Amino acid sequence: MVKLSTTEIAYSGDRFGTYPLTWGQQWLWRAVSTQAPHYAHLGIPIRLEVPTGCDVEGVLTMLSTVIERHEVLRTRYFVDAQGAANQVISAGGKLSVQLYDVEDSSPSAVAHHLESEMTSTPFTMPEISIRAAIVTAAEVPRFVILAIFHMAIDGWSTPLVTGEIRQLLEAAAHHAAQPDLGDISHPVDRLRAEQGREGVARSQLALEFWKKELREFPRSTGEAVPEVSVARRFEEHIMRSRLTALAVTLLSARFKSSPAAVLLTYVHKVLREEYGMARCGFMVFSHNRFGPTDFTYSGPLTQSVPVALNHTAADMHEQVRMTHQAMLESSISCECDPEAARALINSFGKDGESGPNVSYAFNAHFDGIKYGVLPTERKAPSDIEQVVKDSADTSFPEARSYVYDDMKFFMEAQDEEDGYYIQLRADTALFPSDRIVEFLKRLEFSLAESAGLLNPDGVIR
């Protein structure tokens, strides 16, 4: 049995008011605006265990502190009369927090369910960018569950928020003074830099790289797309694969290239061999965090940058090297004004000419050293046979569907403790459901084969 009650916390902040969006926020806003009202997946679920000794009041105090420190969490978004998106930082208010007290159910199961439930509906204009719930057992807090709007954080700023939460909860559990959490910067601080002379110059320099890369992109065909059931138009399949993680890590060491470059090269290889796409352009996501201050930035910085892959080399080592080089060059050209970038893309389509096909995207978050292989090593770990045996458990969890996405092909990959978690979302008008799964299987096979993890019969050895 689960008892539900509700309480409120008050929050306030020193800075408030209405401001334009930063480049990172503008980049994310395009996803919100093009997918509205079907953008519930842009809510990021966070589940954290509450340490023993921390009471409900300690969790509520933590929530107030974090919301006050991070302006993005007390920010709303709206579109003005001219059609421009703006952010409104709240001076203060109250947040409703749901309390779920578990009697005969598992607190962990309830917390897991809330992760999905709290992100099942999109954030709305009246809401600030955070929702919160606490799961208790006999009124002792066990989990805190958050849903945070993607406009407020990205995958690289999330650890900043969760790290502070853990510190505050630990202090509360030991009845200690609030820890010194250090200084952080906010989107409004970033906005000033982007609108200044150096920011404008940085954007213009980045767009020169964009122009060069986009010239090498295949052109949009403009061909008619067959009708597909609206509910299943864009479908996302997931592959959990330790074999893929091991293969990428081994190839990364062998080729002395980044895991992301290896994976993207083999994605292109499968597209080339299975779909005849010798030329391909990807909008590659970049975290844009290169200095110490960037990692104390509370807000989204991620943007995408065009990377053209027109490899003709037969040798995979050379292809990976070329991809690695292209991704390095692109990494310094990601921060730019998204409106100017969109105008540049559209400029290619003038005078009846087809514009570049920018509907393929790639996003990878990798830690780098995992699975017993260092980047400088050229050989597999000594217990390779056991590692390979443990890798033969690839799974494909249930698919999810979306009404719309402006990316026809979007792959996201990250490493987890038990392998790679790879999501592939595609337009089913171009990639039918069974071919999305087949693509993932083919990608795993191609990587494992190149890494020498298959026997002559093509079976995992």
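Bear in mind the structure is a predicted one, so any value in this text is a computation, not a measurement.
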### Task
Examine distances only and state if a side-chain atom of Gln26 and a backbone atom of Leu21 form a donor-acceptor pair shorter than 3.5 Å.
yes

### Message
Using a 3.5 Å distance criterion without hydrogens, assess whether the side chain of Glu127 forms a donor-acceptor pair with backbone atoms of Thr124.
### Response
yes

### Message
Could you check whether atom CZ of Phe16 has more than 12 heavy atoms from other residues, nucleotides or ligands sitting under 6.0 Å from it?
### Response
no

### Task
Could you tell me how the ring of Phe409 sits relative to the ring of Phe282: parallel (under 30°), tilted (30 to 60°) or perpendicular (over 60°)?
perpendicular

### Geometric class of the Phe431/Tyr360 ring pair [parallel <30°, tilted 30-60°, perpendicular >60°]
perpendicular

### Query
Looking at Phe396, is Lys441 sitting on its ring face, NZ or CZ under 6.0 Å from the six-membered ring centre and within 45 degrees of the normal?
yes

### Task
Determine, for Tyr420 and Arg242, whether the Lys NZ or Arg CZ falls below 6.0 Å from the six-membered ring centre while staying within 45 degrees of the axis.
no

### Candidate list Thr323, Leu251, Val248, test side chain to side chain contact (heavy atoms under 4.5 Å, CB included), partner Tyr266, passing option
Leu251

### Task
Over all heavy atoms of both residues, which pair between Met283 and Ser304 is shortest? Give the atoms and the distance, please.
CE-OG, 3.8 Å

### Query
Do you know the tightest heavy-atom contact between Asp337 and Ser203?
N-OG, 3.0 Å

### Message
For the residue pair Gln204 / Glu208, report whether a side-chain donor-acceptor contact shorter than 3.5 Å exists.
### Response
no

### Message
Checking side-chain polar atoms at under 3.5 Å, does Glu235 have a donor or acceptor matched by the opposite partner on His237?
### Response
yes

### Query
Is the gap between the ring centers of Trp29 and Tyr39 under 6.0 Å?
no

#### Entry: side-chain hydrogen bond (donor to acceptor under 3.5 Å, both in side chains), paired with Asp154, selected from Arg289, His287, Gln303
Arg289

